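A short worksheet on the structure shown next.
Here, residue 1 is the first one in the sequence, and each next residue gets the next number. As the structure is a computational prediction, the values presented were derived from the model and not from experiment.
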Amino acid sequence: MKYNRCGKSGLLLPEISLGLWHNFGSVDNFENAESIAIEAFDKGITHFDLANNYGPVPGSAEENFGKILWHNFQGNLRDEIVISTKAGYTMWKGPYGDWGSRKYLLSSLDQSLKRMSIDYVDIFYSHRPDPETPIEETMMALDHAVRSGKALYVGISNYSAEQTRVAVDVLKQLGTPCLIHQAKYSMLERWVENGLLDVLEEKGVGCIAFSPLAQGLLTDKYLNGIPENSRAHNPNGHLREDEVTQERIQKLIQLNEIAQNRNQSLAQMALAWLQKDKRITSVLIGASSVKQLCNNIDCLQNTEFSHDELNAIESILS
């Protein structure tokens, strides 16, 4: 595992980080989740990413991760891992359980720490911008989280390039630099290339890509349509059936041919493709099993692309 410097900070993050958005909730098998986390750490993944509402039910991923920490990462091992969490999406009913107010963010952070039975998180994020709350208030809450000792660093997620510029400048004025931006980025979701990555490079902020496999679309699952056990077939999933169009399937088939010529799976190539840009600090993967985790980590065995490969990929994606 290689570790990259996060922006202009002193913090190093692994090329691959583990996200607990799926498969770590109260509806999932705890022993499986624990095995995934242990294997990830043994493979060099030191960064575990959560949010207050991860589950289902909301909060249960943090509770389960707290149990995993207690069972396996006691003592100095806590100092060998980076734990991040977020607040910004709906967590509880009423006026104080959503968006970006100081009231919500700091209350949510306290609840997250309690669920995980830890004194601090390494990174605390504003999970999304709030159109109704001044960005200064949201950033002041992040600054307070650091000054109170409940977070070591702060970040933002899902902010546009212009919102990011403002947020980073406000945090700098407050004396708490923005460490990282967590953005949705994949071969099929490339909005960050239209300004955001330039802002992050200019401001010295790291970037971690989430949904790098487009909720499983960039795998071999959908090469022959929508299988019954897939996220797209699940009405509660985050990938809709109407996103798996015939046009996209044809693109996936062509991409898969390039991946096979590289001796990679489509998923491995999609993960490696993100790492070609040195502005990407880490790629955030999920896993439903130890086998899937290890297969994804194996993308690191081939992260170099020839000009011909990159041109062929661009031709397919365009």
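Using a 4.5 Å cut-off on side-chain heavy atoms (C-beta onward), Leu152 and Leu11 make no contact.
Among residue pairs with one or both ends in residues 12-23, none qualify as salt bridge (charged side-chain N to carboxylate O under 4.0 Å, His left out); sequence neighbours excluded. Within the structure, salt bridge (charged side-chain N to carboxylate O under 4.0 Å, His left out) pairs that include any residue of residues 250-263 comprise Arg262-Glu309 (at least two apart or interchain). Within the structure, salt bridge (charged side-chain N to carboxylate O under 4.0 Å, His left out) contacts touching residues 143-156 (residues at least two apart or in different chains) are Asp110-Lys150, Asp143-Arg147. A salt bridge (charged side-chain N to carboxylate O under 4.0 Å, His left out) check over residues 92-108, counting only residues at least two apart or in different chains, returns the pairs Asp98-Arg128.
In this view, Asn64 and Phe30, Lys67 satisfy the side-chain contact (heavy atoms from CB on, under 4.5 Å) rule, not counting sequence neighbours. Glu34 pairs by the salt bridge (Lys or Arg N to Asp or Glu O under 4.0 Å) definition with nothing, not counting sequence neighbours. The salt bridge (Lys or Arg N to Asp or Glu O under 4.0 Å) search around Asp130 returns none, not counting sequence neighbours. In this structure Gln111 satisfies the side-chain contact (heavy atoms from CB on, under 4.5 Å) test together with Trp92, Arg115, sequence neighbours excluded. The salt bridge (Lys or Arg N to Asp or Glu O under 4.0 Å) test applied to Glu80 returns no partner, not counting sequence neighbours. By the ring-ring contact (aromatic ring centres under 6.0 Å, His included) test, Phe48 is found to be paired with Phe65, residues two or more places apart in sequence or in another chain being considered. Under the salt bridge (Lys or Arg N to Asp or Glu O under 4.0 Å) criterion, Asp277 pairs with Arg279, sequence neighbours left out.
Closest approach of Ile285 and Pro212 over heavy atoms only: CG2-CG, 4.4 Å.
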Does the side chain to side chain contact (heavy atoms under 4.5 Å, CB included) test come out yes or no for Leu300 and Lys2, once each step is laid out?
CA-CA 9 Å; Leu300 300 177; Lys2 178 184 174 185; over 6 Å; no
Less than 3.5 Å apart, which donor and acceptor atoms pair up between the side chains of residues 37-44 and the rest of the protein, not counting sequence neighbours?
| residue | atom | partner | partner atom | Å |
| --- | --- | --- | --- | --- |
| Glu39 | OE2 | Lys43 | NZ | 2.4 |

